[in-house]
> 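The structure under discussion is supplied below as structure tokens; questions concerning it will follow.
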2 protein chains.
Amino acid sequence: MSFHWPLTRIEKTVSHNGKSVSQECAMASAPTRIRLSDVAAAAEVSVATASKALNGTGRMTEETRRRVRDVADALGFRPNAMARALSSQRSLTVGLITNDSYGRFTLPVMSGLSNALVDDGISVLMSNVEDDPVAARRHLDTMLDRQVDGLVVTGRRIDTALPLDLAEVPIPVVYAFTAAPENAVSLTADDAQGARLATDWLSGLGRGRLAHVTGPEEFAAARIRAAAFRDVAGPGAPVLHGDWSEAWGHAAIGRLWGQGARPDGIFCGSDQIARGVVDALRERGVDVPGDVSIVGFDNWSIVAAATRPPLTTVDMGLGGIGREAGRLVRALIEGGDVAPGPRRLPCRLVVRDSCGGSAPAAG
Amino acid sequence: MSFHWPLTRIEKTVSHNGKSVSQECAMASAPTRIRLSDVAAAAEVSVATASKALNGTGRMTEETRRRVRDVADALGFRPNAMARALSSQRSLTVGLITNDSYGRFTLPVMSGLSNALVDDGISVLMSNVEDDPVAARRHLDTMLDRQVDGLVVTGRRIDTALPLDLAEVPIPVVYAFTAAPENAVSLTADDAQGARLATDWLSGLGRGRLAHVTGPEEFAAARIRAAAFRDVAGPGAPVLHGDWSEAWGHAAIGRLWGQGARPDGIFCGSDQIARGVVDALRERGVDVPGDVSIVGFDNWSIVAAATRPPLTTVDMGLGGIGREAGRLVRALIEGGDVAPGPRRLPCRLVVRDSCGGSAPAAG
DNA sequence: CGACTCGCCGGAAACGTTTACGACGCTACC
DNA sequence: GGTAGCGTCGTAAACGTTTCCGGCGAGTCG
């Protein structure tokens, strides 16, 4: 049921002290929002009862409750969130802080988060703090002034922490897709499972000489994925660390081919790397996916789809991470006990054309 | 001055009815925020005076005002935004609605917006409404419940409108970088100026046979840029409309070269198109920037920097658009008279390597 | 038939600000 | 010295909810 501003006059029947007064409020020019007291008056109950009726609290005849609800619906009543917040000491608001200036990771997370919370009437207060601690502190303070009930922190990539110390913040904090303190509630993609998914897919297609081209070894995600890759592909399978760029993907092919290693399946640590790899192979006259199958990571569709051929890649489900962050922060706010520590959400494989074949034999 | 939670005990000196009572509130476990009444008590004035002192309203001795301010600082007082909102009927909050799921355009805008507003204590409530009108309505209603003072609407590209009718919304709306109703306050990049910048740059480098490869003609931005391009390059200069993709840039080169037209300067409607163009030229053995100079549009650094050679491109200043949107929405909220209609903010050229040469002769 | 119980509902006090209005003390002038 | 006038500050009523607690009606049992 959606709310529309009252464009007509509204009859308020106020019954007070036994005598019933009918008054009319003209709202041609400045439409006043319906207040709870208006609903109460129209339903001929007290404000207290109206509040309880609508919130499902308190005890009263089912008939009364229904009547209040019907009246509220008819009048298009929507509670004033400010008043509600002031009174209940809960703002029904969570803050989302990010340092991902491009939004590539953050926006899907924020979207999942806000969708997970909007049905509870919770909205998301967002701000982007570059890497300036002072500005970050100012944004955080503004959120705290606004009595946010919880905080979600996200970032541009795992391993780059925000310039903020949230240890003393008096509200629940959930870290999503960013570096988190040891004992915090945090959420990331399951890199190991994602890497296995990719590697299994390659070997399922009959690719036996696998290689992994990925980001810097300092990144936990890169290390975890590399380890999972070796679990499947064998301890001797080559793993090349570089940076997260196309240029590195390009260079890595030069290095592999220069060494005479000729993998027939390459799992890449990001779609950008994969794109560099595919381009380098094409330039060398190596056919993808004929000669070599490629799997990327991120499912950054703008890159994955523009690559020729379009990339088969691992999707981290950022939206899902956002939704789960919403669930967790809500649980924490409501006082539920949520075990601290990292949580990993499964990735899924998005199949496009860069691997050839169809499903692996095993199905 | 940043706010830190009080970790020590706080002496409150309450003077009431002439007699002064000193009481102590222990806050070892649950730190209570300092309220205005605490400040007032400590400064030995009334709550009203304290409020006026801190807000710079009302009249009082400069000494009193300073004393209250000093006490507030010392106590680390931060006003409760909910109470303030309820009382003053202004939530000090603006909503940002987008339908840009990737965040490529939206996040810079939101960042500029929130930075423009944070110093006034205004924060940004954000939500991403895909293209579902029902969900969009729900998000909007939640924001209105929260009494947002204004709304900024942004999108993934000019010309795709949000599935929302904001005509009846009782608060100011500013459209930033998205399709807007005729008489609304809206903000976009100055496409004509940006296109002239690019084209001038190319001819300044001595390129005389210019072409323009851009997005669909249905997009106003594409039409405007094309017109500006022809203003500079001459009415006969070829303009090729396609979609906003790399593939189209690639294909466009095939078409141009197939026709025997051999431009020596190409202005592209997006960095993605430019990338396709550059790749296609390389594949044909045409040297960029030796034989042909390329200019892109968007300064999407992740694409522009990954292209070989890195793209010289037009930056639309999305952050600036966000900041200006903040200024405008604040002005509207404060009742200032802002002329309706579209506003265009200047673009700037970011010079990388895809044009060769250095600055044009004219400087 | 009266008292006790129980369930439904209402009165009123919060929540922490802002702000209209009025009181009070001071100076200055007649 | 009384009073007008001005400038400071305090009292109290908002803002729109939630929630504690108590009253009051009806039903039941002695």
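Chain letters run A, B, ... following the sequence lines, proteins first and then strands; every chain starts at 1.
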> When you measure from the side-chain N and O atoms of A:Thr57 to the phosphate of D:dT18, is any distance below 4.0 Å, counting only OP1 and OP2?
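The answer is no; no side-chain N or O of A:Thr57 sits under 4.0 Å from OP1 or OP2.
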> Report for the helix from C:dC1-D:dG30 to C:dC30-D:dG1: angle between first-end and last-end helix axes, five pairs each, rounded to 10 degrees.
70°
> Can you find a side-chain donor-acceptor pair between B:Glu130 and B:Ser101 that sits under 3.5 Å?
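The answer is yes; a qualifying pair exists.
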> Kindly point out which of D:dT8, D:dC20, D:dT17 is positioned nearest to the side chain of B:Met60?
D:dT8
> Considering all heavy atoms of both residues, which atom of B:Val152 and which atom of B:Ala176 are nearest to each other, and what is their separation?
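Looking at all heavy atoms of both residues, the closest pair is CG1-CB, 4.2 Å.
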> Around B:Arg323, counting heavy atoms of other residues, nucleotides and ligands shown, do more than 12 lie under 6.0 Å from its CZ?
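Not buried by this count: 12 neighbours or fewer within 6.0 Å.
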> Whole Å only: how far is the CD atom of B:Glu63 from the C1' atom of D:dC9?
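Taking atom C1' of D:dC9 as the reference, CD of B:Glu63 is at 13 Å.
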> Give a yes/no on whether any side-chain N or O of A:Thr61 is located under 4.0 angstrom from OP1 or OP2 of C:dC9.
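So the side chain of A:Thr61 is within the cut-off, an N or O lying under 4.0 Å from OP1 or OP2 of C:dC9.
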> Can you tell me if CG on A:Asp337 sees more than 12 non-hydrogen neighbours from other groups inside 6.0 Å?
no
> Looking at A:Asp145 and B:Arg33, does any basic side-chain N land under 4.0 Å from a carboxylate oxygen?
yes
> Write down the atom of B:Phe77, the atom of B:Ile34, and the distance for their closest heavy-atom approach.
CD1-O, 3.4 Å
> Looking at every heavy atom in both A:Asp100 and B:Leu107, which two are closest together, and how far apart are they?
O-CD2, 2.8 Å
> Starting from C1' on D:dC15, measure out to CZ on A:Arg33 and report it in whole angstrom.
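Rounded to the whole Å, the gap is 14 Å.
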> Less than 4.0 Å between a side-chain N and a carboxylate O, is that true for B:Arg66 and B:Asp70?
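Salt bridge flag = yes for B:Arg66 with B:Asp70.
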> Round to a whole Å and report the spacing from NZ of A:Lys52 to P of C:dG11.
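These atoms are roughly 11 Å apart.
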> Give the rounded distance in Å between these two atoms: CG of B:Leu144 and C1' of D:dG16.
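So the CG-C1' distance, B:Leu144 to D:dG16, works out to 17 Å.
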> Could you check how far CG of A:Leu54 sits from C1' of D:dG16, rounded to whole Å?
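Result: 13 Å.
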> For A:Arg35 and D:dC15, give me the distance from atom CZ to atom C1', rounded to whole Å.
10 Å
> For DNA chain C, which residues in residues 83-92 of chain A have a heavy atom at a distance below 4.0 Å?
A:Leu86, A:Ser87, A:Gln89
> Check the distance between C:dT17's P and B:Gln147's CD and give it to me in whole angstrom.
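Those two atoms, CD and P, are 18 Å apart.
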> Does A:Ser37 or B:Ala48 map to a spot on DNA chain D nearer the 5' end, using the closest nucleotide for each?
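Closer to the 5' end of DNA chain D: B:Ala48.
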> Check the distance between D:dG22's P and A:Arg59's CZ and give it to me in whole angstrom.
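Answer to the nearest Å: 18 Å.
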> Indicate yes or no for a side-chain donor-acceptor contact from B:Ser91 to the backbone of B:Gln147 under 3.5 Å, with no hydrogens or angles considered.
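Present.
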> Does a side-chain N or O from A:Asn55 land closer than 4.0 Å to OP1 or OP2 of D:dT18, or not?
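Checking D:dT18 against A:Asn55, a side-chain N or O does come within under 4.0 Å of OP1 or OP2.
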